[in-house]
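Structure first, commentary second.
Residue numbers start from 1 in every chain, and the chains themselves are labelled A, B, ... in the order their sequence lines are given, proteins ahead of strands. Every value quoted in this text rests on a predicted model; they were computed, and no experiment measured them.
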Protein chains: 2
Amino acid sequence: MHPKKQLPSGDSLNTRERILNSAEVLFAEHGFERASLRALTTAAQVNLAAVHYHFGSKAALISAVFERRLAPLNAERLGELDALEKAARGRPLTPAGIIEAFFGPVLRMSMDQGSGGHRFIRLLGRAHAESRPAIRELLESAYVEVVERFRAALYRALPQMPEKELAWRMHFMLGAMSYVIAGTDAVQLIASYEVRKSEHPESVMKRIVPFLVAGLTAPLPDAGAAKTRRIEPHIRSRGEPRSARGAERRIERKAA
Amino acid sequence: MHPKKQLPSGDSLNTRERILNSAEVLFAEHGFERASLRALTTAAQVNLAAVHYHFGSKAALISAVFERRLAPLNAERLGELDALEKAARGRPLTPAGIIEAFFGPVLRMSMDQGSGGHRFIRLLGRAHAESRPAIRELLESAYVEVVERFRAALYRALPQMPEKELAWRMHFMLGAMSYVIAGTDAVQLIASYEVRKSEHPESVMKRIVPFLVAGLTAPLPDAGAAKTRRIEPHIRSRGEPRSARGAERRIERKAA
DNA sequence: AAGGAATTCAAACAGCCGTTTGAATCATAC
DNA sequence: GTATGATTCAAACGGCTGTTTGAATTCCTT
């Protein structure tokens with residue numbers, strides 16, 4: 001039953017990848033449940049049993065689809081963060097830089113029509129809304145390292161912000177992004193769908209990064225009127241690079 | 001076959017509502033596909049065929065679940081917006097006020113454990129990530145009026161912001177919110193899950209409103225260095241009510 | 001109390017699902 | 001060329017799905 005491949009002999013790798021590609025397409029389009037193995041293998045022009053031969057089960061196939069893409073994606077994220085930290089030589093990074101390092105690779109992948117990265121990104125957005133423990137655990141284990149690195153970087157970049165508040169704001173940011181990349185667009189806010197689809201990811205990036213940076217660095221909510229400390233006014237300097245604007249610290253960390 | 005009810009005779013309304021309640025629970029917990037009518041009717045302690053007798057089909061049941069809750073929810077949203085506009089006497093509203101009018105009812109409903117509103121909110125978050133045309137159309141028709149009203153209000157409140165940019169930012173806001181209310185939390189950002197679950201919706205509100213207001217009123221991205229106009233500095237006055245702070249206009253509308 | 005509609009019920013329907021099987025085919029190593 | 005293992009294939013398995021049926025029951029009106 002479904003032996004370990006000893007020699008990836010020629011064509012076998014092709015059917016494996018054909019299955020992965022079709023799975024990516026159909027999972028993204030119809031969801032994990034409603035995309036059946038029969039529809040999937042028909043689209044891939046392989047036999048139905050090939051899925052179980054190469055992957056063992058539908059659940060394992062789902063995992064394989066994610067692993068194929070998530071590993072290089074997260075590696076790219078960490079690479080960009082490494083580059084930023086190396087350039088900063090020990091000083092804290094700007095929130096905008098960190099956000100771009102985190103979401104940039106996703107948005108860039110989402111425009112990669114050639115190798116089908118954009119399909120995976122839609123699938124990723126769908127997975128974020130999934131409740132099945134298997135998929136949740138899969139995402140979590142894929143994200144744990146990268147989230148921890150980025151949280152640490154943001155924590156350094158925003159010395160005034162309490163840990164808990166930062167966690168919530170990262171949560172909000174992930175939500176805004178995953179909703180956009182899911183492309184479900186439950187509520188048709190953009191009048192012309194054609195306009196929407198033709199948006200380049202870079203322009204989405206230009207739109208969402210300032211939004212997220214502003215939210216991330218927003219004044220803290222009052223824990224209570226009595227406890228409130230005055231918040232330093234936000235002073236904007238002109239002529240900075242776009243990505244850095246609005247990223248100044250205007251946050252206070254709650255006293256421990 | 002499944003006649004129009006002429007007299008909602010006593011118990012029949014009870015089985016209808018028992019079905020709706022169980023459907024809400026199981027749809028929210030497992031999704032629309034994976035929650036079967038058999039599991040659903042068993043939980044409701046009604047006969048399997050009762051679903052088709054009272055609703056006609058599973059799809060119609062899904063619609064009924066949404067309609068029961070969405071109508072009052074949107075009515076509340078519009079009511080709050082009406083109240084704000086009445087109090088403003090023709091002047092534009094604050095972004096913070098508009099945001100609170102839109103998301104407040106949702107968050108309040110999400111803490112309504114008694115009548116099960118919180119279950120529906122989780123279901124609503126799930127529906128936002130759904131791709132099936134039937135559900136998309138259902139959400140869209142339920143939202144079209146309320147979104148248009150709120151978009152108009154925001155457009156007035158942010159006279160400098162291009163229509164397109166505003167649509168995108170509403171998109172981001174909806175994303176952040178639907179991710180939070182879905183409660184899926186694909187990436188476990190908050191260290192202690194206990195802490196997370198014990199958060200009161202009001203405190204979530206206190207956290208997310210400043211985030212959204214800041215994002216909504218963030219400086220516009222440069223369309224290109226040459227086209228850039230100077231952005232008015234953001235001046236914060238002290239002592240305002242919390243919800244209004246950070247809501248000042250610091251946006252420019254792109255020249256037509 | 002009787003009649004008729006409204007509702008419930010157990011049972012079955014057809015169809016799709018993921019999975020398994022065992023033989024047929026293919027590629028490679030001897 | 002033959003043996004050996006990897007891969008493909010058609011077919012079937014059991015199980016679950018939404019839906020339908022037709023009789024049994026309950027409810028309300030007259």
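- Using a 4.0 Å heavy-atom cutoff across all strands shown, B/A50 reaches no nucleic acid atom at all.
- Atom pair A/R18:CZ and D/dT7:C1' shows a separation of 12 Å (rounding to whole Å applied).
- For B/F27 and D/dT17, the CZ to P distance is 12 Å, given to the nearest whole Å.
- Between the side chain of B/R69 and the backbone N or O of B/F120, no donor-acceptor pair lies under 3.5 Å.
- Counting to the nearest Å, the C1' atom of D/dG18 and the CD atom of A/E33 are 16 Å from each other.
- Residue A/H54 has a polar side-chain atom (N or O) positioned under 4.0 Å from OP1 or OP2 of D/dT8.
- The side chain of B/R38 sits closest to D/dT17 out of D/dT17, D/dC9, C/dC17.
- Nearest nucleotide to the side chain of A/S36, out of C/dC17, C/dT20, D/dT17: C/dC17.
- B/F103 has its side chain within reach of B/L212: a pair of non-hydrogen atoms, C-beta onward, lies under 4.5 Å apart.
- Note: CD1 (A/I19) to C1' (D/dT8) measures 11 Å, nearest angstrom.
- Taking only side-chain atoms of B/A49, from C-beta outward, the nucleotide of C/dA10, D/dA10, C/dG18 with the closest atom is C/dA10.
- Of all heavy-atom pairs spanning A/P95 and A/L154, the tightest one is CA-CD2, 4.3 Å.
- Here D/dT26 presents its C1' atom at 15 Å from CG of B/N14, a figure rounded to the nearest Å.
- Atom NE2 of B/H52 and atom P of C/dT7 are 17 Å apart (whole Å).
- Regarding B/Y53, its OH atom lies at a distance of 19 Å from the C1' atom of C/dA11, rounded to whole Å.
- The side chain of B/N47 lies closest to C/dA10, out of C/dA10, D/dT7, D/dC9.
- Nearest nucleotide to the A/L37 side chain, out of C/dT8, C/dG18, D/dT8: C/dG18.
- Nearer the 5' end of DNA chain D, as judged by each residue's closest nucleotide, is the contact made by A/Q45, out of B/K58 and A/Q45.
- For C/dG18, neither phosphate oxygen OP1 nor OP2 lies less than 4.0 angstrom from any side-chain nitrogen or oxygen of A/S57.
- Between B/R132 and B/E130, the closest heavy-atom pair is NE-OE2, 3.3 Å.
- C/dG18 atom P lies 10 Å from atom CZ of A/R132, rounded to whole Å.
- Checking D/dT19, D/dT20, D/dA11 against every side-chain atom of B/L48, the shortest atom distance belongs to D/dT19.
- For the residue pair B/S57 / B/H52, no side-chain donor-acceptor distance below 3.5 Å is found, with atom types taken as modelled.
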